[in-house]
Amino acid sequence: MDDNQNMTEPAASPAWGAPFAKRAWAELRYALVTLPLSIAAVVFIVPMLYNGILWAASADGVWKLGAASRSLARKLLGEDVPASPRPRSTAGHKVRTKDGARLETVVKEAGGTARVWEGQPGVTVRRLPPSRIAELAAAAGITIDEMQPRNAWLNWMDGRATDRVTWRARAYFGLKLPLAVVGLVVAAVCWLGGLYYLTAPVWWSLGLHSTLGFRITTLGFAFGLCPLGVALLATGPGLLHGVTNVDCWLIRSLLGPSSPAERIRALKESRASVVEDAAARLRSIERDLHDGAQAQLVALSMKLGLARDKLQDDGQVDLARVTGLVEDAHRGILEAIIDLRTLARGIHPPVLDQGLADALATLATRSAVPVELVTDIPERPSDAIETMAYFSAAELLTNVAKHSGARHATLEAVHVPGLLRVRVTDDGLGGARQVPGGGLCGLADRVRAVDGRVDIDSPRGGPTTVTVELPSRA
Amino acid sequence: MRIVIAEDAAVIRAGLTEILTDRGHEIVAAVGDAEALKDAVTAYQPDVAIVDVRMPPSHTDEGLRAAIAIRRDHPGVGILVFSQYIETRYAADLLAGRSGGVGYLLKDRVANVAEFTDAITRIAAGGTALDPEVVSGLLSASRHASTLGALTTREQDVLALMAEGRSNSAIADRIFVSERAVEKHISNIFTKLALPPSDSDHRRVLAVLAYLGT
C-alpha cells in the first residue's frame with residue numbers, strides 16, 4: 001500500500017498490519033483517553049485565568065493535570081518526560097537596613113529581586129534564602145538591622161501566580177485541546193470510516209444504501225468502496241502517529257523542565273531537601289541513641305555501681321538486694337541490645353547486602369498487616385537505589401499499618417533495565433496524599449533527588465496504590 | 001538531704017532515685033521536664049536539684065536554662081547539672097555570676113556511687129563539683145593558655161582537681177602526695193597565675209574558675 005506512511009514510522013510492521021500494530025493501538029487509546037482530560041483541563045484552567053488570586057489557587061491543580069498528562073504519555077506511549085518542579089512559595093524577606101539601595105543592587109546581581117520600601121529604610125527581597133541575603137550583605141559591608149520572613153500567604157501567592165512552569169502547562173493544554181480534537185477526528189474517520197467502506201457490500205446487502213457521503217447504487221459500486229476503506233485503515237495509524245508526535249513534542253517542551261535553568265532549579269530544590277533530610281535523619285538517630293541505648297547504659301552503670309558498693313559493704317552483704325540489682329542490670333542490657341539492633345537496622349539493614357528481594361521479604365514478614373510479596377529483580381540495581389527502594393517500601397508499609405486500616409497489602413518490586421518500580425497496594429481507607437512536611441512528601445522529595453518519582457492513587461474509600469519509580473543507578 | 005530530680009528518661013530517673021534513697025537521701029520530687037522542675041523547686045525548696053540538660057519539649061538545653069533560673073531565684077538550692085555530653089559553654093553559663101552550690105557532671109560519673117553522692121553533698125554544702133571533662137574544656141578554652149603553660153605537669157593536675165571542687169586532702173589522696181605537698185603546689189599555682197591568696201576550699205575554687213572563665 002502506501003509506503004510513504006511506513007517511512008514516517010520505521011519501527012512499524014508492514015502496511016497491512018499497521019492498523020493492528022501494538023503501537024497504533026496504543027496511540028489510538030492515547031487519543032481517546034486524552035481528549036476528556038484535555039477538555040477537563042481547559043474547563044478548569046480558563047475560568048481560573050480571571051485574576052492573580054485564581055492563578056495562584058489553580059497552580060497546584062495545573063501542575064497535577066500536567067503530571068497526569070506526563071503519566072499517560074509514559075504509560076501509553078513510553079514517552080518519558082522528567083517531572084517539572086512543583087509550584088512553590090517564593091521566599092520573601094523584609095530586611096530593615098539603611099543601605100536599601102545598595103542591598104537592592106547586590107540582590108539583583110545574585111539573581112534575586114528586591115524592592116526598596118517607600119517611607120522607611122528597608123528592602124523586600126524575594127527569591128533568595130535568608131542565609132544568602134545575610135552573606136551578600138556581609139560581603140558588601142551592609143548592616144542588616146532586622147530580617148523577617150514576609151507574610152507566608154504573600155509568599156504562597158507570589159510563588160504560584162508567577163510560576164513559569166504552571167504557565168507553560170496552561171499553554172500546553174490550550175494547544176492540546178485542538179490537537180486532541182484533530183486526533184479524535186483522524187481516529188474516527190480512518191478507523192470507523194475505513195471499516196465502514198471496507199464492509200460496504202455487507203451494508204448494501206442489508207439495504208443501507210446511503211451513508212457517509214456516497215449513495216451506493218450497485219453492488220459493484222459497493223465493492224468499489226472496499227479499496228477506499230483499506231486505504232483509510234492503512235493511512236490512519238500514520239496520521240495519528242503524526243498527531244501523537246506533535247503532542248509528545250508539546251509535552252516535552254511545555255510539561256517537562258525544558259530550560260536548563262528550570263532543571264537546575266529542580267535539582268537545587270531536591271538537593272536542599274536531601275541535605276535537610278539527611279540532617280534530620282542524623283538528628284533523629286542521635287535522639288534515639290541518647291534516649292534509648294545511652295540512657296539504658298547509664299541506668300545500668302548505676303545499678304552495677306550500687307551492686308558493687310553493696311558487695312564491698314563491711315559486715316553483712318545483702319545478697320537478695322544485690323541479686324535484684326544484677327537482675328535489673330541484666331534486663332537493662334538486653335533492652336539496650338534490642339534498642340541498638342533496631343537502631344542499626346534503621347541505619348542500614350544488613351540483609352540488604354543479600355539483595356533487595358531478600359530484604360523486602362524480611363520487611364514483609366515484619367509488617368503488622370499481612371503483606372503479599374512479588375519481586376522480579378533479575379539484576380541488582382546500585383546500592384544507593386536498593387537502599388532507597390528498601391526504605392521507601394518500609395515507609396509505605398508503615399503507613400499502611402498506621403493509617404490505612406487495611407487488612408491486606410501487596411508489595412511489588414520489579415526491576416527492568418533502567419527502572420526499578422516498587423509498588424505498595426492496600427485495601428484500606430484510601431485518601432492518602434502528599435501534605436507539605438508529611439511523610440509522603442518527604443519520600444517524594446528523596447525519590448525526586450535521584451530523578452525518581454512517586455505516584456499516589458488513593459481515592460477515598462480505597463484502595464491505595466503508591467508507586468515509587470527509581471532509576472537503576474543513582 | 002532533700003533532693004529534686006529532673007530527668008526525662010524514666011530509667012535514669014528510677015536509677016537515681018534508687019541510688020540516692022539507698023544512701024539515705026529523700027527524693028521529694030522526680031519530674032520529667034523543666035517547667036515541672038521549677039514548680040517542684042518552688043514547692044519543696046530542696047537542698048539539691050539534679051537537672052538533665054536535654055528535656056522536652058525541644059530536647060536542647062531547657063534543663064540548663066531552668067538551672068540558671070533556679071540559681072537566680074532560689075540561691076539556697078544547690079544545682080547539679082547532669083548530662084550525657086559536656087558543653088564547655090554550658091559550664092561557663094552555669095558558673096557565670098555566683099559560683100558555689102553548683103555542679104556539672106557527665107551521667108557516667110554516677111557509676112561510681114560513692115563519688116557521686118560525695119559530689120552531691122559538696123554541692124549541698126555550697127561547694128562545686130565539676131566534671132574533669134568540664135575542667136579540661138575550661139582549661140583548653142581559657143584565654144590564659146600561655147600562663148597555664150608555665151605550670152608544671154603536677155601543678156596542672158592539682159589545678160584541674162582544684163577546679164573540680166576537691167579539697168586538699170582529696171587532692172592529696174588522688175595524686176598520692178602529702179597534704180603539705182598539695183598546699184605547696186597550690187601556693188605555687190596562685191603565685192604563677194597572680195591570684196590573690198585564699199584559705200578556704202570554696203574561695204579557692206572561685207578564684208580558679210574566675211580565672212579560667214575570663
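So that the names make sense, note that chain A is the first sequence line, chain B the second, and so on, each numbered from 1. The analysis underlying the following values was restricted to heavy atoms, covering all of them including side chains, and did not include hydrogens, waters or symmetry mates.
Counted within 6.0 Å of CZ on A:R366, heavy atoms from surrounding residues, nucleotides or ligands total more than 12; the atom is thus considered enclosed.
Residue contact with chain B, scored on non-hydrogen atoms closer than 4.5 Å, is absent for A:L297. At a 4.5 Å heavy-atom cutoff, the contact between A:L306 and chain B is made by backbone and side-chain atoms alike.
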Extract the chain A to chain B donor-acceptor pairs under 3.5 Å, no hydrogen or angle test applied.
| unit_1 | atom_1 | unit_2 | atom_2 | d |
| --- | --- | --- | --- | --- |
| A:E286 | OE1 | B:R54 | NH1 | 3.2 |
| A:E286 | OE1 | B:R54 | NH2 | 3.0 |
| A:E286 | OE2 | B:R54 | NH1 | 2.8 |
| A:E286 | OE2 | B:Y85 | OH | 2.5 |
| A:R287 | NH2 | B:H59 | NE2 | 3.4 |
| A:Q294 | NE2 | B:Q84 | OE1 | 3.3 |
| A:K303 | NZ | B:E18 | OE1 | 2.7 |
| A:D309 | OD2 | B:R23 | NH2 | 3.0 |
| A:K310 | NZ | B:D22 | OD1 | 2.8 |
| A:K310 | NZ | B:D22 | OD2 | 3.0 |
| A:R321 | NH1 | B:D22 | OD1 | 2.7 |
| A:R321 | NH2 | B:E18 | OE2 | 3.2 |

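Between chain B and the options A:A295, A:G305, A:A299, the largest number of non-hydrogen pairs under 4.5 Å is found for A:A295.
With sequence neighbours excluded, no residue forms a side chain to side chain donor-acceptor pair (under 3.5 Å) with A:R281. In terms of the side-chain contact (heavy atoms from CB on, under 4.5 Å) criterion, B:A14 has no residue partners (sequence neighbours excluded).
Sequence neighbours left out, the pairs with a member in residues 136-155 of chain A that pass side chain to side chain donor-acceptor pair (under 3.5 Å) are A:R96-A:E146, A:E146-A:Q148, A:R150-A:N155, A:R150-A:D158.
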